[in-house]
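Since the structure comes first, as structure tokens, the remarks are kept for the end.
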Amino acid sequence: MTTDPRTSRRVPAGAAVLREDVTDAIRAAVFEELAAVGFARMSIEGIARRAGVGKTAVYRRWKSKLALVLDLLSVFAAQGLPAPATGSLYGDVRALLEVASHALRHPVASQVIPDLLVEAARHPEISDAIKTALLDGQQGIAAVIVREAVERGELPEGTDPDRALDLTVGPLYWRLVVVRNDLPKGYLDMLAASAVAALKGGA
């Protein structure tokens, strides 16, 4: 009796199914390792140790630490955030600022983002990935906020979504990431009101 080779074919070792829980653990370890030591000092060995896996588990998924970081940014971009839908321009801008400030004040993100921006000057791939993960998503949200405000008659036709983003998230990023100062009480309310007034006034 012979066995049909089509039904007895063995799966090559290199084609083994990768466990999703291990992949998630490695991605979390990359984020933590970036915050702890930065991209330049980050190593596959350190990531594997933090994730509780062997180096081979990492190399089966990514060929280098650069590939790991690019993957992490692509996952972040794919998750995305829904545009606020409060029913008013001020409410939408204030909600956007709340989400952005929460993300920028996260102790891990506050270490990772500045480090990756430095590395972006050396690695065009990181620069492109950061743009996709951070800028493109925010631009999409700003476009929705402006479009709906125009439809409600709160903003004039032709209002530039990029300018709206500059007026809202720009000052917040400067204070939290560049200057690294705490936000005074009522700062987000004031910033939202100032951004809305500038957009409405065309200043």
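V144 and V196 fall into different hydrophobic clusters, where Ile, Leu, Val, Met, Phe, Trp and Tyr are joined by side-chain heavy atoms under 4.5 Å apart, directly or via other members.
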Step-by-step side-chain contact (heavy atoms from CB on, under 4.5 Å) determination, L172 to L183: CA-CA 9 Å; L172 185 66; L183 300 182; 3.9 Å; yes
Verdict with reasoning, M42 to V30, per side-chain contact (heavy atoms from CB on, under 4.5 Å): CA-CA 8 Å; M42 187 176 74; V30 174; 4.3 Å; yes
T168 vs L191, side-chain contact (heavy atoms from CB on, under 4.5 Å): CA-CA, chis, key distance, verdict: CA-CA 7 Å; T168 54; L191 181 56; 5.8 Å; no
side-chain contact (heavy atoms from CB on, under 4.5 Å) between H102 and V99, worked out: CA-CA 5 Å; H102 179 74; V99 172; 5.8 Å; no
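Put simply, CD1 on I47 and NZ on K55 are 12.0 Å apart, with the number rounded to the nearest 0.5 Å. Taking CZ of R27 as the reference point, atom CG of D71 lies at 4.0 Å (rounded to 0.5 Å). For the atom pair CZ of R60 and OG1 of T23, the computed distance is 10.5 Å after rounding to the nearest 0.5 Å. Here the OG1 atom belonging to T86 is positioned 11.0 Å from the CZ atom belonging to R94, to the nearest 0.5 angstrom. Expressed to the nearest 0.5 Å, how far CE of M190 lies from CG of L97 amounts to 10.0 Å. One distance of note links CD of E98 with CG of D189; it measures 9.0 Å at 0.5 Å rounding.
With a 6.0 Å radius and a threshold of 12 heavy atoms from other residues, nucleotides or ligands, N181 has its CG atom above the threshold. More than 12 non-hydrogen atoms from other residues, nucleotides or ligands lie less than 6.0 angstrom from CZ of R180.
Pairing each heavy atom of A25 with each of A51, the nearest pair is O-CB, 3.8 Å. For the pair I44 and K65, the tightest heavy-atom approach, listed with the atom from each and the gap, is CD1-N, 4.0 Å. Between V146 and A164, the shortest heavy-atom distance links the atoms CG2-CB, 3.8 Å. Residue R50 comes nearest to A36 through the heavy atom pair NH2-CB, 3.7 Å, listed as atom of the first residue, atom of the second, then distance. For the residue pair Y90 and A193, the shortest heavy atom distance occurs at CE1-N, 3.6 Å.
For the pair R175 and P184, the minimum side-chain heavy-atom distance is below 4.5 Å. By the 4.5 Å heavy-atom criterion applied to side chains, H123 and V69 are not counted as neighbours. Between I141 and P84 the shortest side-chain heavy-atom distance falls below 4.5 Å. Contact check for Q138 versus L96: side-chain heavy atoms found under the 4.5 Å cut-off. Looking only at side-chain heavy atoms (C-beta outward), V22 and R61 come within less than 4.5 Å of each other.
Put simply, the residue from V118, L68, L66 that forms a side chain to side chain contact (heavy atoms under 4.5 Å, CB included) with F39 is L66.
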